[in-house]
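One structure below.
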Amino acid sequence: MVSLSYRSQYDHLQSGVSPEDSHVYVMYHGTSKQIAVDIQRNGFKPSKDGMLGAGVYLSRDIRKVIRYPLDTPLMTIPDSDRMVLKVKVDVGRVKVIKRQRHPMQKTWHTEHGFDTAWVPPNVGMVPSNQEEDCVYDPKRIKVLAMLKVPNLKNVNPWLNNPLQN
């Protein structure tokens, strides 16, 4: 008898579920059209610093990333200039960071050898209270698709009010 079951090569893990070491997950990165094209051509460039230190910031919660890049006091960015990159990430060793001023908040990779830091939702670290991931090595990330935010919102009307979902 032939088995018709198969396992996906990567998982769609809900944003509130802790990622497991050595798994590959689908995540999202919100950015501008111009930077999305650059990432597609040249790969991700990790930030030098941030809430979790250096790395590439992602989320498994698409409601969070569709708002990026964030508006600034001097400029409103229209949805037509926003893109979401759907990526697969080999998370390697994961460190959970559940509070501000955690002793490993910015040293999880450099001093402790973790590959990914994960902030769970609703722990008060992220203004939106949504989960966030930081991957130190951009080679662990592969772009699967470039998605236009207006198209995502047309297909998924619930994304029009991402913080209310």
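None of these values were measured; they are calculated from a predicted model. Residue indices begin at 1 and follow the sequence shown. Just the heavy atoms: all of them, side chains too, but no hydrogens, waters or symmetry mates, feed the values below.
Nearest heavy atom pair, residue Lys106 against residue Met51, reads CE-O, 3.8 Å. Among all heavy-atom pairs drawn from Trp108 and Val135, the shortest one is CH2-C, 4.3 Å.
Counting only heavy atoms from C-beta outward, the side chains of Val89 and Asp133 never approach each other to under 4.5 Å. The shortest distance between side-chain heavy atoms of Tyr25 and Glu20 falls below 4.5 Å. Contact of the Lys98 side chain with the Pro120 side chain is registered, since non-hydrogen atoms from C-beta on lie closer than 4.5 Å. Proximity of Asp61 to Pro121: side-chain heavy atoms (C-beta onward) are nowhere separated by under 4.5 Å. Within the 4.5 Å cutoff, no side-chain heavy atoms of Val155 are placed close to those of Asn151. Under the 4.5 Å side-chain criterion, counting only non-hydrogen atoms from C-beta, His109 is not in contact with Phe114.
Atoms CG and CZ, from Leu58 and Arg140 in turn, are 12.5 Å apart once rounded to the nearest 0.5 Å. Considering CZ of Arg63 and CD of Glu131, their distance stands at 10.0 Å, rounded to 0.5 Å. The structure places NZ of Lys33 at 5.5 Å from NZ of Lys148, a figure rounded to the nearest 0.5 Å.
The main-chain N or O of Gly30 is never found under 3.5 Å from a side-chain atom of Lys64 such that the two would form a donor-acceptor pair. Using a distance-only test at 3.5 Å, with no hydrogens or angles considered, a donor-acceptor pair links the side chain of Asp115 to the main chain of Arg93.
Scored by the side chain to side chain contact (heavy atoms under 4.5 Å, CB included) test, Tyr57 finds Ser47, Leu52, Glu132, Cys134 as partners (sequence neighbours excluded).
Under a 4.0 Å N-O distance rule, the pair Arg41/Asp38 does not qualify as a salt bridge.
Hydrophobic cluster membership for Met75: Ile77 (Ile, Leu, Val, Met, Phe, Trp, Tyr linked by side-chain heavy atoms under 4.5 Å, directly or transitively).
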| task | Give the intermediate values and the outcome of side chain to side chain contact (heavy atoms under 4.5 Å, CB included) for residues Val143 and Val87. | result | CA-CA 4 Å; Val143 176; Val87 299; 4.1 Å; yes
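Ring planes of His29 and Phe44: perpendicular class, angle over 60° (limits at 30 and 60°).
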